[in-house]
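The structure appears right after this line, and notes come after that.
Atom set for the values below is all heavy atoms of this structure, side chains included, hydrogens, waters and symmetry mates excluded. Here is the naming used below: chain letters follow the sequence lines, and residue numbers restart at 1 for every chain.
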Amino acid sequence: MIAMSDIYEKIMDLAKRRGFIWPTSECYGSVAGFIDYGPLGSMMKRNIENIWRKFYIVSEGYYEIECPTIGQEEIYIASGHVKGFSDKMCQCPHCREYLRADHVAEGHQIQGASAMKSGELESVICSLPCPACEEVLGPVEVFSFNLMFQTTIGPGSQRTGYLRPETAQGIFTDFQRLLRFYRDKLPFGTVQIGKSYRNEISPRQGMIRLREFTQAEAEIFVHPAEKNHPRFHRYARYEMPLLGVPQQMAGLSPLSMTMQEAVEKGIVANEYVAYYLALTHDLLVSIGVSPERLRFRQHLPDERAHYAEDCWDAEVFSGRFGWVETVGIADRTDYDLRAHEQQSGERFAVFLPYEIPRRINRVRVIPNMGALGPRFRGSAKAVADALCACVPGPEGISLTIEGKEVLITPDLYEVREEVVEVPGEEITPHVIEPSYGIDRMIYAVLEHNYHEEIVDDEERRVLSLPAAVAPIQVAVFPLMNRDGLPEIAGEIADALRSRGILAEYDDSGAIGRRYRRQDEIGTPFAITVDYDTREDRTVTLRDRDSMRQVRTGIDGIPDLIRSLIDGTTSFVEL
RNA sequence: GCGCCGAUAGUGUAGUGGUUAUCACUAGGCGUUGCCAACGCCUAAACCCGGGUUCGAGUCCCGGUCGGCGCACCA
């Protein structure tokens, strides 16, 4: 068993040494919050993203789009990031500590500090002591620190742009186009995988908190009154541990239950949220997150955004960092679409025709303008509007027009009962949003699959990555570097490559050393060509985790490896 | 950002202000080796950056960068 305090060092050491993850631009001294994915890390990341795509695009049918990482200011005014993503900060003139100005004020029982403007805060906190050095702050400048990277678009800095702090907004701003694409029907979903940026004040914890990170987000637009997932049955009986608000309040451990139960008992708000909780569990486990180190925690009322109906985090356990939020699944209601409606002046709604147009009996008031006009002159329009908005009785009605009460007698209007046909209704969809932090998933997969064991008095380090996640899927070795064995091994490697399988050929040094090298980078299978191969065209196929070997014919190798990677065959069956 | 600690080949390390910077692993080459980091020979490879003190700095001092811990911050 590996001491948990060491695990991060061991993972990052391996990641650095073997080309998974590097500090960025080391030759100039790297920058905190940024990392480079090396060759193996890049491939592993792409594999995980492609598994994600299998779940969301192939299986759910939600197509992917790709939007710019720089967005104009209006987008982030609408999303609330310009305002809500910034903190009022100040610097203590004595100890040069950066402080949250509103926190300083609230620390001295000053109410409403978080809503104050910079100037107000300056006058409030100047008489307060610095929480760090205890000196009275004195006159300080309060400034806004926004977590978004700001830039300008075009020359002359006329136009403010921001590096996106999440990929979601691109999907919202494309809503009308997407709605057309999906031919005006609900529900539909759209996904995006890409970089997002947050200028963290002080990023620590290596790849857990990055300033540039990769998100995979899905936005699923649903009818507000129909939050039943059409394929809920797929996961209805899927059982997993849920740490709901009541469990957290009572300090209990997560409750294991099926998604059906979770929805019926009202622990999860609706089928959609429950469905993506289960899908996320399924996805994370399939990329190699250990189920024992995975839990789903519901946001407490005070950490949940005010508009969100329900919100859950998939948290993975790290020996170093504890429970780390890795995926967020939220029912964001119509908040985002309404925000963009308001900012842009465009309509972000779906017109949904009724199956049969509804006939509605309606009472309509028709003002007699011929009579109202001469009588009320300039106020006639106001009277007519007020009249239409109410239902007058048989004796007429008393209205207050421009401060004066007037009696409108029945001869000034006509009340007509009519049947109108309503073809459908316009609704603003609700958004279900599963949002994945790819970099954290990669770290979790590395940590959960790293093993050290002693084999014949030698330490063996293994990354037990699922075959579909491993950067290199198969290694091909000639047992000896002569007698025609390298040629046969080369042919096998080529045959694998022509089937789209990433195969690494290696003929250097002892066979055991070559196996161990592949173990450390998670290559699930190794093929060794030996002297028997020349006689009977069979090779040894070795399994990384069990170190077991089987003999198999050369010609079936590409198909066999393909099915082992896909999971349609497992090594133990061979 | 603040405070404390650290930084030497790819990795882990040794190194009282004074030779050509130690050792192991790793990597590359050759030989050997008939399936799990074997062995032999050879080779490559480092003092984080910038100032200062000193005849002389990997070593002492100052500043920076990066990393760790604590604080603060963290849609």
Just checking A:G80: base, sugar-phosphate only, or nothing, at a heavy-atom cut-off of under 4.0 Å? nothing
Beyond-backbone contact of A:T533 with A:L485, side-chain heavy atoms, under 4.5 angstrom: no
Has A:D334 got a side-chain atom pairing as donor or acceptor with A:L337's backbone, closer than 3.5 angstrom? no
Searching all strands shown, indicate the nucleotide that pairs with B:rA45 (Watson-Crick or G-U wobble; both distances under 3.5 Å). none
Which of the following nucleotides, B:rC35, B:rA37, B:rC36, is nearest to the side chain of A:E458? B:rA37
Given B:rG34, B:rC66, B:rC35, identify the nucleotide with an atom nearest to the side chain of A:S30. B:rC66
Identify whether any heavy atom of A:D13 sits under 4.0 Å from a base atom; if not, whether one sits that close to sugar-phosphate; answer base, sugar-phosphate or nothing. sugar-phosphate
5′-ward residue of the pair A:R460/A:K16 relative to RNA chain B: A:K16
Taking for each residue the nucleotide of RNA chain B with the nearest heavy atom, is it A:H299 or A:R17 whose nucleotide lies nearer the 5' end? A:R17
When all nucleic acid strands are considered with a 4.0 Å heavy-atom cut-off, which category describes A:Q169: base, sugar-phosphate, or nothing? nothing
I'd like the C1' distance from B:rA14 over to B:rC66, given in whole Å. 24 Å
Phosphate oxygens OP1/OP2 of B:rU33: is one of them under 4.0 Å from a side-chain N or O of A:R513? no
Any side-chain heavy atom of A:Q248 sitting closer than 4.5 Å to one from A:L300? yes
B:rC36 base / A:R548 side chain donor-acceptor hit below 3.5 Å: no
I'd like the C1' distance from B:rC47 over to B:rC60, given in whole Å. 16 Å
A:D545 and A:V462, any side-chain heavy atoms less than 4.5 Å apart: yes
By nearest atom, which of the nucleotides B:rG29, B:rC69, B:rC35 is closest to the A:R320 side chain? B:rC69
Quantified in whole Å, what is the P atom distance between nucleotide B:rA7 and nucleotide B:rG12? 12 Å
Integer angstrom distance from the C1' of B:rC30 to that of B:rA9: 23 Å
Look through every strand shown and name the nucleotide pairing with B:rU20 as Watson-Crick or G-U wobble, where both distances are under 3.5 Å. none
Say we look at B:rU16 and B:rG63: how far apart would their P atoms be, to the nearest angstrom? 24 Å
Check whether any side-chain heavy atom of A:D439 lies under 4.5 Å from a side-chain heavy atom of A:E212, and answer yes or no. no
Give a yes/no answer on whether the side chain of A:R461 brings an N or O atom under 4.0 Å of OP1 or OP2 in B:rU11. no
Identity of whatever pairs with B:rG40 - Watson-Crick or G-U, under 3.5 angstrom: B:rC30
Minimum heavy-atom separation for A:R164 and A:P68, please, with both atom names. NH1-O, 3.5 Å
Please check the phosphate of B:rA27 (OP1 and OP2 only) for any side-chain N or O of A:R517 closer than 4.0 Å. yes
Taking B:rU11 as the reference, what is the distance to B:rU54 when you measure between their P atoms (whole Å, please)? 36 Å
Checking only heavy atoms, does the side chain of A:Q549 share a donor-acceptor pair with the base of B:rC35 at less than 3.5 Å? yes
hbond_proxy A:Y515 side chain to B:rC35 base (donor-acceptor, 3.5 Å cutoff): yes
Quick check for you: among B:rC35, B:rG29, B:rC36, whose closest atom lies nearest to any side-chain atom of A:S508? B:rG29
Opposite nucleotide pairing with B:rG6, Watson-Crick or G-U, both atom distances under 3.5 Å: B:rC66
The side chain of A:R209 lies closest to which of these nucleotides: B:rC73, B:rG34, B:rC36? B:rC73
Let's test your reading of the model: under 3.5 Å, does the base of B:rC35 pair with the side chain of A:D530 as donor and acceptor? yes
Using Watson-Crick or G-U wobble geometry with both distances below 3.5 Å, tell me the partner of B:rU59, or none. none
For a quick check under 3.5 Å, do A:Q518 and A:T523 share a side-chain donor-acceptor pair by atom type? yes
Going by an N to O cut-off under 4.0 Å, is there a salt bridge joining A:D310 and A:R332? no
Base, sugar-phosphate or nothing for A:E26? Non-hydrogen atoms, less than 4.0 Å. nothing
Where the side chain of A:E520 is defined as all heavy atoms beyond and including C-beta, which of B:rG29, B:rA37, B:rC69 is the nearest nucleotide? B:rA37
Separation of B:rG1 atom C1' from A:L147 atom CG, nearest Å, is 14 Å
Please state the P separation for the pair B:rU19 and B:rA57 - nearest whole angstrom. 12 Å
What integer number of Å spans the P atoms of B:rG29 and B:rG64? 45 Å
So which nucleotide from B:rC66, B:rA37, B:rU33 ends up closest to the side chain of A:R482? B:rU33
